Each structure stands twice: as C-alpha cells, then as structure tokens.
Amino acid sequence: MTMSTTDEDMTDTVARTWHAQSPSPPPPPPLPPPPPPPPPPPPPQQEPQPQPELQPPPPPPPPSLPPTPLAEVSGAQEPPSTINPLALRLNGSETTDMAIPDSASSAERRSARLAPPVGWVEDPDTPMMEAGPSNGGVTRSNTNSSNSGGKILRPNPLKYSALRTGICYDVRMRFHATVDEDDMHPEDPRRIYEIYKALCMAGLIDDPTFTGVVKRNDIMAGIRAREVTMAEALLVHSREHWEFLEGTKELGLKELQELSRDGDSVYFNAESFFCSRLSCGGAIETCDAVMSGKVKNAIAVIRPPGHHAEPHKAMGFCLFNNVCVATKAIQRKYTDTCKKVLILDWDVHHGNGTQTAFYEDPTVLYMSIHRYQNGKFYPEGPQGNLDQCGAGEGLGMNVNVPWDSGGMGDGDYMYAFQRVIMPIALEFNPDLVIISAGFDAAAGDTLGGCFVTPAGYAHMTHMLMCLADGKIVVCLEGGYNLQSISNSALAVTKVLMGEPPGRLHDGDVACKGAVDVVHECVMQQSRYWRCMKPREVMPELCDTLDHKSARLNDVIRVYQTKQLWDQHKMTVLPIFCDKIAESFAHQVVATGNYQSKETVVFLVHDPPPVTAQPDPKTNRIALHNALLIDTGALYIDWAIDQGFGVIDANVPLALGGKKNHEYDANKQTEELCIYMWDNYLEISDAKNIILISVGESALGLINLLAHRDCRERLKGVISFISENTTLRAVLPSIADDNLTEWYHQNSRVFVSHEHPVWARPKQRKKFGTLVKLPVCDIHEVLKASYPIATEWMKGQLER
C-alpha cells in the first residue's frame with residue numbers, strides 16, 4: 001500500500017483504510033470536532049541561531065463535549081421521558097463518537113480516538129519510522145504526542161475473535177405489562193431490565209445508569225431493535241393473528257382485562273402490539289447482525305417471549321413467535337449462506353409454536369429439552385413427547401427430550417446434550433444456531449421446578465458454539481426468577497464473548513429418570529440419524545415375527561425352570577386368574593412338599609440381569625460374550641438346605657408380541673402376590689412364612705401387607721434394592737393400624753449406598769429397617785447381603 005510521507009496525508013489514508021477494512025457498519029455522523037487551539041504567536045524577527053531541542057508544550061485539553069442527542073446516535077425519534085437516552089445507545093449502530101468525560105487524561109483521549117479498527121491489530125514493537133510499503137503494514141501517526149511513535153497496523157489473523165459479541169436491548173419492550181395492578185404476573189417487565197443491569201454491573205456494557213461512566217467503545221456491540229413488518233410476521237403467522245394483535249391497541253381497559261382473562265396464559269395492554277413487534281424485529285436484527293459478520297455472535301434480551309405462539313394464536317405469555325419469524329426472514333435474505341438453521345430450545349416448557357412452524361420443514365432442526373410429565377406440564381398434550389419427530393419432508397427434524405418430572409439439574413442436561421443434542425447437531429451441520437433461551441429451568445425458579453445452574457447454561461452454550469462457524473444467537477424466552485435469569489444470562493453472555501464456562505458441581509450426574517428418557521429418545525431418533533446408532537429393535541418387527549422370535553426373558557425363565565427341576569425337583573404351579581397375564585403360567589415354581597412344611601419362603605423377583613456387550617453398529621449380542629447373573633438362586637439353595645418349602649415367582653418386565661402394549665408389570669405383580677397368598681400360602685400348613693423380594697417386585701409384597709391380614713404367620717420381610725430401584729413404603733388401609741410399626745420391626749431392606757434415600761436427613765419407618773451396603777448393582781446387593789440376611793431370618797424364626 002502506498003502511503004504519503006506527510007502526517008496529514010498519512011492520517012487521511014489510514015482513516016479511509018480502517019473504514020474500508022472494518023466489518024462493522026459505517027458510523028453515524030460524528031460529533032463536531034472541538035475548536036482547534038489558537039495558532040502560536042509569530043516568532044520575533046531576529047537572526048536565526050542554534051537553539052537546544054525542546055519538547056513542544058502539550059496542547060490544551062479540548063472543551064467538554066455536549067451529550068449526544070439520541071437522533072444523532074440511532075436516528076430514532078426522541079423516546080418518552082421515562083426512557084434513559086444513554087441506555088438506548090446500545091440500540092443504535094456502533095458509534096465511534098461517544099462522549100469522553102472531562103476528567104479523562106490526554107493519554108486516555110488519544111487512546112480513545114486512535115483505537116485500531118475492528119479486524120486490525122497494532123504491532124507494539126515497530127515504530128512508525130520503520131513502517132512502509134515494504135513490510136506490508138499500514139502506519140498511523142500520533143500527532144498529539146512526541147514520546148510515542150506511530151505503530152504498524154496489520155490484519156488480524158483471528159477474524160472471528162476480532163469481532164465483538166452483539167446485544168439487542170430496548171427499554172421500550174418493558175411497556176408490555178398487565179393491566180391489572182394487583183396481578184403480579186410472572187412475565188414481569190423487569191425481566192429484561194435485570195438482565196441488562198447484570199451485564200452493565202459486570203462491566204460488559206458502559207451505561208452510566210449503572211456504572212457511572214461512558215466510554216468510547218463498549219466491550220459488546222449494540223444492535224438496534226426495530227418493529228417487525230407485517231410481511232415478515234406473515235412468514236409464520238396468519239393475517240387474522242396480525243389483525244387481532246393490532247386491534248388490541250385500540251381496546252379499552254375493560255376489554256383488555258376480559259381479553260387477558262379469556263386468553264391462554266397471556267395478557268394484553270395498549271402497548272402489547274408495539275412491544276411484540278419490537279421484540280420480534282429485535283430477534284431478526286440480531287440474527288442479521290450475526291449472519292452479516294457485523295458481530296461474531298449475539299444475545300437478544302427481548303420480551304414478550306415467543307416460542308409458545310402458534311401461527312394463528314397467542315398463548316403462554318407469547319404474542320409473536322420471535323425465533324420462528326427471525327429464522328424465516330434470515331433464510332429468505334441469506335439464501336446461499338443460511339440454508340440450514342438449528343433451533344435449540346432449553347426453556348423448561350416445550351416450544352409448541354416453534355415445533356408447529358417447522359414440523360414439515362427439512363431446513364430447520366428443532367430440538368427441545370423440557371419438562372413433560374406425560375403431557376401434564378404446560379403446554380399440556382402430546383406435542384412435546386419424544387415420538388413427535390416431524391412429518392413429510394421434515395421427518396426426523398424434530399427432537400424432543402421430555403423429562404418425566406421436575407428436579408432435573410446440570411448432570412441431566414449435560415447427559416442429554418452429550419448423548420442426543422450434540423451428536424445430532426453435528427450431523428445436521430447448521431449454518432446458524434438460534435437458542436430459545438428460557439431460563440425457567442434455573443435453580444430458584446419455582447415455576448419450572450428444576451435446578452440448572454448458571455454454569456450449566458454456560459456449558460450448553462459453549463458446546464453449541466462449535467457449530468455453524470460460531471454463528472450463534474441467544475434469544476430470551478422464559479425465566480421468572482429475576483436473580484436466576486440475570487445470573488444465567490450473564491454466564492451465557494460471558495461464554496459468547498470467549499470466557500470459559502464455570503465449573504460444575506462435583507458428582508452432579510444424570511439421574512435414572514433422565515438416563516431412561518435419553519435412552520428412549522436415542523432409540524426413537526435412531527430411525528433418522530446415523531449418529532444415533534445402534535438402531536432400535538422395532539416393536540412391529542417383533543409382532544410380525546412373533547411365531548419365530550422370543551424375548552430373552554422368556555428363554556431365560558425356561559432355563560431357570562429346568563435348572564430348579566434338575567437341582568431341587570421344583571415344579572410349575574398353575575395360575576388360574578383372568579387378571580394375571582398368560583405369561584405367568586410358567587413363571588411360578590415350587591418345591592414338591594411345600595404344603596406340609598412348617599416354614600415356607602416366598603421369593604418374588606425381577607428377571608435376573610444379563611451382562612453383554614452389543615455390537616456398536618448392529619445392536620446385536622454375541623451370546624458367547626453374554627453372562628446371566630442369577631445371584632437370587634443363592635437364597636433358594638439356602639432355604640432348601642434348611643428344610644424349608646420354597647415358592648419362586650419370576651415377574652417379567654415385558655411380554656412378547658402385541659400383548660406387551662397392554663401389560664403393566666406393577667399391576668401384574670400386585671395381582672400375582674394376592675393370588676399366591678389366597679390360593680397357596682394361606683391354605684398351606686406353614687406356621688412360619690418369610691417373604692423375599694428382589695428389585696421392583698417389592699411392590700407386590702407391600703401391597704399384600706396392606707390388603708391381607710397375614711402378619712400372624714409372617715416372620716419377616718426382606719427386600720433387595722439397587723441404586724436405580726424404587727424404594728416402596730407400606731400404606732396401611734386403616735388410618736390407626738400399626739402396620740408401619742410392625743413392618744419397621746420385622747423387615748430388613750438392603751439398599752445400595754448410591755440410592756437417593758440416603759440423601760434424606762431421616763429415614764422413615766414406613767420404608768422398613770434399611771441396611772446400607774457399599775455396592776450398586778442388584779446382583780452385588782444380593783451377594784453382599786447374603787450372610788446378614790440369612791442370619792437375620794434364622795433369628796426371626798427362633799423368636
């Protein structure tokens with residue numbers, strides 16, 4: 001690059017070069033420059049003579065600049081008096097002439113005026129005199145200082161890192177509020193204020209309202225929110241919906257109150273239409289700033305939220321679907337560079353409106369992690385279930401991870417991200433990532449009832465930033481605890497700016513409920529995504545090949561029955577009951593003389609575990625690498641060696657064929673235990689009966705104690721509980737019954753040390769007498785408790 005050797009020409013050329021190379025939008029008209037200092041008086045007429053070199057006196061400080069009118073910053077009209085104009089600076093394009101405080105030193109003023117443009121960096125070790133066309137650099141001069149030379153400016157090789165993170169915020173969105181002064185609605189206008197305040201107090205934005213200072217350049221780049229146009233809104237919503245919202249600005253107070261009362265969890269006032277347009281337009285502008293390269297990523301602190309809004313109606317605090325409209329608008333504008341969009345919704349509520357908008361769209365992958373509770377959590381219905389995977393050309397482009405309950409935390413969300421979200425997202429390979437960032441799953445939000453920490457949200461954001469060349473936009477959705485949403489949004493913003501996410505709590509791992517849901521989701525999505533292999537064994541395949549196939553639990557039970565016959569001559573007991581599935585006809589076996597024995601042990605258990613390593617591609621198991629672990633047989637051997645009668649009942653967790661859809665293992669266990677007592681145990685000669693359960697089948701014995709008067713002959717109840725087994729409590733059928741006390745005194749419940757019951761400060765008697773074991777799996781529990789359990793049973797029989 002050819003540069004003039006004069007300071008004036010050099011400065012002009014560098015200034016033009018900065019603006020040409022900067023990816024930022026052109027700034028608005030600059031402030032009028034301060035008046036130049038008065039020219040020095042002419043030297044006296046005398047003969048020139050050598051003088052010692054003196055430093056020129058410093059120039060006088062420029063006069064203080066008047067506050068910049070809002071119209072000069074953003075071109076917008078003067079806001080109402082309730083809006084702080086300085087707080088709206090971030091809503092305009094990037095300005096380079098922010099007011100400099102009078103207290104700033106001359107060095108600070110020079111630094112502010114001569115900051116390198118975006119995309120360029122200084123070489124601090126090269127003075128101006130060494131710069132030139134030969135070294136490929138661009139020089140700048142510093143005419144205000146004689147003790148610091150000019151520096152070389154060179155293109156920043158890290159183009160992405162050189163860009164700033166954008167923020168879209170407009171205080172006018174707070175005008176949307178409930179018309180009922182007594183209604184403390186959770187969708188509070190203060191939500192966006194608290195987030196913006198947290199960013200300011202953290203030093204990411206220089207707003208004098210919070211920090212007391214205004215600097216030339218904020219760390220974050222401002223993105224102006226604008227009102228969405230009707231043409232843009234109609235990309236997703238119906239014209240009737242637009243006209244309905246538009247009509248709300250003309251309604252009176254009573255009409256607005258009635259409309260809010262009759263709506264589906266939504267309220268209106270005279271400014272709702274304007275605020276919702278501003279929120280939706282802000283989402284569009286934020287996505288546009290990221291796609292155009294003005295910022296590397298961005299967060300839109302906007303309200304009202306949008307992911308519940310259906311194409312034809314407002315619901316769930318949402319009026320326009322901000323993310324959907326922004327996605328459609330950006331795809332239309334950037335047809336070549338934004339062909340595929342990933343929308344990740346981590347709001348605790350399912351984004352039904354977003355799912356509806358893109359359910360048949362193959363260019364948009366919608367993924368949601370939410371609380372579902374079998375369709376009973378808002379929005380109620382089956383839309384958020386894991387089997388809702390899209391339709392038509394969009395089949396497979398809808399991924400739901402529906403939690404069965406509240407209480408989910410960082411470990412559960414990390415597990416879902418690592419097992420489902422990120423593998424599918426990487427395979428999809430989007431051009432833009434939009435996060436529907438509701439923070440109502442955050443710890444402290446009572447409406448969501450979950451426990452995600454700011455570090456948890458930060459880690460999820462950090463993982464998503466590896467997609468789409470870092471083009472990621474965070475759009476605020478829900479979140480109703482003001483402290484929780486501000487802390488969470490701050491953590492997310494810091495990660496967007498390049499900070500590492502905070503550390504998660506030690507030992508915060510996925511719970512059994514989360515693991516089960518994620519596994520079902522993997523099986524469902526394995527039909528559409530290669531990364532979700534191995535593929536699910538299709539239930540319909542088992543149905544069509546029912547006469548040629550069998551579930552392994554039935555095969556194993558045949559093997560167990562044969563083994564018990566060969567070793568102890570135990571035979572099958574017939575089951576004649578319409579309420580009990582036909583599969584139980586071969587699941588109950590007994591010793592031949594149990595009726596005449598003084599002591600009978602009734603053992604009811606889940607199928608024994610099988611340990612195997614399936615093929616990672618086909619999901620098939622090599623039988624020579626599979627191991628059946630039947631530790632429960634130890635107790636049968638012990639009881640027969642003691643001369644006791646034994647009845648062994650196996651409870652299958654599922655049945656083969658079409659009948660499995662109607663099978664309820666818990667209900668069948670309850671019916672089986674009642675049937676066995678009425679038809680075999682009660683009419684036997686046994687004076688002493690011991691009940692033993694393994695795993696989930698404990699429910700059957702607990703139900704038997706509550707519905708039959710059998711305690712006179714019972715000498716004890718034993719249960720074996722692994723880390724993932726439900727711990728059952730006795731529920732007396734009569735309020736003043738002493739069943740709870742009896743059960744506590746005459747039971748031993750051997751529980752893995754990893755079971756959640758040990759986290760409780762006090763163990764309740766209704767769970768029985770608990771014994772803590774330093775093992776996890778059910779076969780380990782059976783083996784570790786064997787000497788203790790057998791000695792306790794002997795003691796109970798000797799009483």
Side-chain angles (χ1 to χ4, degrees), residues 512 515-516 519-520 537 539 542 546 549-568 570 572-573 575 580-590 601-614 619-621 623 625-637 646-657 659-673 675-676 691-703 718-726 728 750 752 775-783 785-786:
K512 180 181 182 298
V515 172
D516 290 343
H519 176 71
E520 292 179 19
V537 179
C542 295
D546 195 42
S549 63
R551 289 186 180 268
L552 192 57
N553 63 335
D554 294 330
V555 176
I556 290 175
R557 188 54 182 172
V558 171
Y559 163 79
Q560 286 181 308
T561 303
K562 184 179 184 303
Q563 289 293 106
L564 293 174
W565 166 257
D566 293 341
Q567 296 177 14
H568 306 297
M570 297 179 69
V572 175
L573 292 183
I575 304 294
I580 301 177
E582 296 179 2
S583 180
F584 279 94
H586 302 286
Q587 302 288 353
V588 182
V589 295
V601 174
F602 177 46
L603 173 63
V604 57
H605 57 84
D606 300 339
V610 175
T611 299
Q613 183 63 48
N619 207 33
R620 292 171 182 161
I621 296 175
L623 294 182
N625 290 329
L627 181 63
L628 173 66
I629 307 175
D630 192 6
T631 314
L634 288 173
Y635 294 86
I636 296 177
D637 295 341
V646 177
I647 299 177
D648 177 78
N650 179 74
V651 181
L653 301 179
L655 299 181
K659 295 180 180 179
N660 184 48
H661 300 292
E662 304 173 358
Y663 179 76
D664 186 337
N666 290 338
K667 186 65 176 178
Q668 291 291 303
T669 305
E670 294 176 348
E671 295 289 350
L672 175 66
C673 290
Y675 180 86
M676 293 304 298
L691 304 179
I692 301 177
S693 66
V694 180
E696 298 290 351
S697 59
L699 175 63
L701 299 186
I702 294 296
N703 182 71
I718 293 180
S719 295
F720 301 99
I721 306 295
S722 69
E723 60 175 331
N724 296 321
T725 305
T726 305
R728 306 291 182 176
F750 298 94
S752 165
V775 292
C776 297
D777 294 334
I778 191 63
H779 69 276
E780 296 175 326
V781 173
L782 285 164
K783 185 176 181 180
S785 58
Y786 177 77

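Sequence positions, counted from 1, serve as the residue numbers for this chain. Because the structure is a prediction, the values reported are computed rather than measured.
- Considering all non-hydrogen atoms of both residues, Leu603 and Gly632 come closest at CD2-O, 4.2 Å.
- Shown here for Ala590 and Leu573, the closest heavy-atom pair between the two residues is CB-CD1, 3.7 Å.
- Note that CG of Leu564 and CD1 of Ile636 are 5.0 Å apart. Values are rounded to the nearest 0.5 Å.
- The line from CD1 of Ile647 to CG of Leu691 is 10.5 Å long, rounded to the nearest 0.5 Å.
- Taking 4.5 Å as the limit, every side-chain heavy atom of Ile629 sits out of range of all side-chain heavy atoms of Val610.
- Here CG of Asn650 is found 7.0 Å from CG of Asp648. Values are rounded to the nearest 0.5 Å.
- Between the Glu696 side chain and the Thr726 main chain, a donor and an acceptor come within less than 3.5 Å of each other.
- To the nearest 0.5 Å, the span separating SG on Cys673 from CG on Leu701 amounts to 5.0 Å.
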If you look only at distance, which donor and acceptor atoms sit under 3.5 Å apart when one is on a side chain in residues 775-783 and the other is two or more places apart or in another chain?
residue, atom, partner, partner atom, Å
Glu780, OE1, Cys776, N, 3.2
Glu780, OE1, Asp777, N, 3.1

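- In terms of the ring pair (Phe, Tyr, Trp, His ring centres under 6.0 Å) criterion, Tyr559 has no residue partners (sequence neighbours excluded).
- The two atoms that bring Met676 and Val588 nearest to each other are CE-CG1, 3.7 Å, heavy atoms only.
- Rounding to the nearest 0.5 Å gives a distance of 9.5 Å between CG of Leu672 and CD of Gln587.
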**Message:** With side chain to side chain contact (heavy atoms under 4.5 Å, CB included) as the criterion, how do Val558 and Val555 come out once you've worked through the C-alpha distance, each side chain's angles and the decisive distance to 0.1 Å?
**Reply:** CA-CA 5 Å; Val558 171; Val555 176; 5.9 Å; no

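- With a 4.5 Å cut-off on side-chain heavy atoms, Ile702 and Glu670 do not count as touching.
- Taking Val515 as the reference, Tyr415, Ala510 meet the side chain to side chain contact (heavy atoms under 4.5 Å, CB included) condition, with sequence neighbours excluded.
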**Message:** Walk me through whether Ser697 and Thr669 qualify under side-chain hydrogen bond (donor to acceptor under 3.5 Å, both in side chains).
**Reply:** CA-CA 6 Å; Ser697 59; Thr669 305; over 6 Å; no

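- Atom CD of residue Gln567 and atom NZ of residue Lys562 lie 10.0 Å apart, to the nearest 0.5 angstrom.
- Taking the six-membered ring for Trp and thresholds of 30 and 60 degrees, Tyr635 and Phe720 have ring planes inclined between 30 and 60 degrees apart.
- For Ser752, there are no side-chain hydrogen bond (donor to acceptor under 3.5 Å, both in side chains) partners at least two apart in sequence or on another chain.
- Taking 4.5 Å as the limit, some side-chain heavy atom of His568 sits within range of a side-chain heavy atom of Asp637.
- Under the side-chain hydrogen bond (donor to acceptor under 3.5 Å, both in side chains) criterion, Asp630 pairs with Gln560, not counting sequence neighbours.
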**Asked** Checking side chain to side chain contact (heavy atoms under 4.5 Å, CB included) for the pair Phe602/Ile692: CA distance, chi angles, key distance, verdict?
**Response** CA-CA 6 Å; Phe602 177 46; Ile692 301 177; over 6 Å; no

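- Shown here are the side-chain hydrogen bond (donor to acceptor under 3.5 Å, both in side chains) partners of Asp606, two or more places apart in sequence or in another chain: there are none.
- Between Phe750 and Ile718, the closest side-chain pair of non-hydrogen atoms falls below 4.5 Å.
- A donor-acceptor contact shorter than 3.5 Å links the side chain of Thr561 to the backbone of Arg557.
- When all heavy atoms are compared, the tightest approach of Pro608 to Leu628 is CG-CD1, 3.6 Å.
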